[in-house]
A.B. asks: 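For reference, the structure I am asking about is given below.
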Amino acid sequence: MSGTSALAAPRQAAEPRTRPWKLSPYSLPWHMLRIAGSCALPLIMWFALGRVVRWGLLLLAATVSHGSWYQARLVLTVFLFTLVVMTSLATTVGMLYVIRGALMETRARRAAGEGHESIFGAFNRTALLFSGIYMTWGFVLQDVRDFMDIDYARTPDIMILDAFTGEDSHVMQGLTNLGLVPSVVGMVLAYALKTVAGRKHEANEGRFSGIVAAFGELTFVFYGINVIAAAVETRTGWMGSRTALVALNEWVTDAQANVPGFAAVSEFVGEVWPHVVAALILPLTWLTVGVLAYGAYVEDTESTLKGTRLEAVAEHGKRRTHTMTRRVAARLTAGWSERWIPLINAFRLTARGGAPLFGLFALCYVGLQVGSDYLGRAGRYLLASDKPYFWIVTDVPVDFVADLVTTTLTMCLIAATFDLAATRKRLDG
């Protein structure tokens, strides 16, 4: 026994000196390509299936939005469009889910008895906050544009023909022409659905409560847009004539004329801000989606403060603040929280991997978007023909391939960035 103990002692002493290998943040592009190579087939299948279902729903919604019983048709159109957005969310979560097995962090979690989760569990946990990010950062605008394009492509000449007859063709208006009464009824029902499902989701009850709550949230927003559109239409110029808006416009005009440098600063911010969003905020937003799908800490304000000096201040505030006051403050800051809190958490996680990791992630993300444009141009150039309107045949497959390559590599980039940051955080303790 003593000999065995003597032999074991040096081995135990050597264990603290051996440490798992950590990838350099500069290996991010190679790590992304490695994940893409190992998971290419399921990623392609998920993307293709998601696009087929999405375009099928868009075509069905565009077809339903025309004909007799117009208002009833528009109620169904908004419902189908909500399914379109849910399909986009499901496709993204599904693509991120099939990459899990190729991540070092996932293997480490499974070795520790963690990280075993079905795709329905990941989507249920992710859907509600994912839908908020999807709406607040404008990703839904692409779905709206695609609906309008496919509605116009069905009958490209109807708008011209109806213009001569003086009739309204309602083309590309299926998402905004719903009347005030059905819109209000839809909002009430959607609000009830999202409230009940949201409470169950907060209490960890119901296998699909998060998905149902996200569906109710999206439906509530889409019917609400029609309520606003109907209200503005019934009172033409109502928004532009409000005292607050008139005063704000006058204040901005006076400031530009009288405050030195105000016009230059506002012009500079107006020119730079879109580039900041495209180069920094959008990559961080997609990284947030990946962190959500992999179950890391991005759910609330407390996780943002955890581990910082503000945590003690927040705990002191909780003890000193009235419950009703906290609830009112939570309501007032709900939009800010949905928009910025997840991004702050994702940035914190990435910062654990070092500034080079986040910088390289943003650079690779922008490079993929630029490369997607050049890939589409190259495809159109190679398939160009002197036959008239031949581009109608070639544009769809070219766009599909370009989107497939870009989306697949983007999902792998998100997963690789999360993997490097989470691995370093776990190893550093």
Side-chain angles (χ1 to χ4, degrees), residues 23 27-57 83-131 133-134 139 142 207-208 210-211 214 283 285-298 342 346 349-350 361 364-365 368-369 372 400-423 426:
L23 289 175
S27 66
L28 177 63
W30 166 249
H31 196 33
M32 173 192 68
L33 295 176
R34 183 191 67 82
I35 294 173
S38 61
C39 304
L41 182 58
L43 284 171
I44 293 173
M45 292 175 63
W46 263 102
F47 180 85
L49 178 62
R51 281 306 172 95
V52 169
V53 174
R54 179 175 177 271
W55 282 104
L57 288 171
L83 293 181
V84 170
V85 178
M86 294 294 291
T87 301
S88 299
L89 305 184
T91 303
T92 302
V93 174
M95 294 182 71
L96 291 170
Y97 181 83
V98 298
I99 303 175
R100 293 169 68 98
L103 304 184
M104 298 178 295
E105 180 66 15
T106 302
R107 290 195 290 268
R109 289 181 182 181
R110 290 176 178 174
E114 304 173 358
H116 297 279
E117 184 181 37
S118 67
I119 188 172
F120 294 105
F123 189 39
N124 188 57
R125 184 191 64 251
T126 307
L128 187 56
L129 189 53
F130 193 178
S131 64
I133 294 174
Y134 199 85
F139 297 136
Q142 184 60 49
R207 185 178 180 184
F208 304 107
I211 299 174
T285 303
W286 278 114
L287 181 61
T288 303
V289 173
V291 176
L292 279 171
Y294 295 131
Y297 61 103
V298 288
L349 178 64
T350 313
F361 165 72
C364 291
Y365 177 88
L368 287 175
Q369 307 311 309
S372 177
F400 178 84
V401 172
D403 289 344
L404 170 64
V405 174
T406 305
T407 304
T408 299
L409 291 180
T410 300
M411 295 300 107
C412 294
L413 176 65
I414 293 169
T417 306
F418 166 81
D419 197 23
L420 295 179
T423 300
R426 174 172 50 82

A.B. asks: Between L413, V291, T417, I414, which is the residue that forms a side-chain contact (heavy atoms from CB on, under 4.5 Å) with W286?
C.D. replies: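 Between W286 and the candidates, side-chain contact (heavy atoms from CB on, under 4.5 Å) is satisfied uniquely by I414.
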A.B. asks: Using 30° and 60° as the class limits, which term best fits the ring planes of F361 and Y365: parallel, tilted or perpendicular?
C.D. replies: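 Ring orientation of F361 relative to Y365: tilted.
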A.B. asks: side-chain hydrogen bond (donor to acceptor under 3.5 Å, both in side chains) with R34: which residues, sequence neighbours excluded?
C.D. replies: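 Once residues adjacent in sequence are excluded, the partners of R34 under the side-chain hydrogen bond (donor to acceptor under 3.5 Å, both in side chains) criterion are H31.
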A.B. asks: If the condition is side chain to side chain contact (heavy atoms under 4.5 Å, CB included), which residues does A108 pass it with, not counting sequence neighbours?
C.D. replies: R426
A.B. asks: Within the side chain of T106, is there an N or O that forms a donor-acceptor pair under 3.5 Å with the backbone of A102?
C.D. replies: no
A.B. asks: Mind checking what makes side chain to side chain contact (heavy atoms under 4.5 Å, CB included) contact with Y97, not counting sequence neighbours?
C.D. replies: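 If we apply the side chain to side chain contact (heavy atoms under 4.5 Å, CB included) test to Y97, skipping adjacent residues, the hits are R100, I119, A122.
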A.B. asks: Go through the structure and list residues passing side-chain hydrogen bond (donor to acceptor under 3.5 Å, both in side chains) with T91, not counting sequence neighbours.
C.D. replies: none
A.B. asks: Sorted by first residue and then second, give each salt bridge (Lys or Arg N to Asp or Glu O under 4.0 Å) pair with at least one member in residues 45-55; sequence neighbours left out.
C.D. replies: R51-D403, R54-D143, R54-D146
A.B. asks: Run the side-chain hydrogen bond (donor to acceptor under 3.5 Å, both in side chains) test against T410 and tell me which residues pass, sequence neighbours left out.
C.D. replies: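 Checked T410 against side-chain hydrogen bond (donor to acceptor under 3.5 Å, both in side chains); zero matches.
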A.B. asks: Identify, with sequence neighbours excluded, every residue that meets side chain to side chain contact (heavy atoms under 4.5 Å, CB included) alongside V53.
C.D. replies: L49, L57, T87
A.B. asks: What residues, two or more places apart in sequence or in another chain, satisfy ring-ring contact (aromatic ring centres under 6.0 Å, His included) together with F47?
C.D. replies: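 Counting only residues at least two positions away or on another chain, F47 forms a ring-ring contact (aromatic ring centres under 6.0 Å, His included) with F400.
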A.B. asks: Return the set of residues passing side chain to side chain contact (heavy atoms under 4.5 Å, CB included) with A90 (not counting sequence neighbours), or none when no residue passes.
C.D. replies: F123
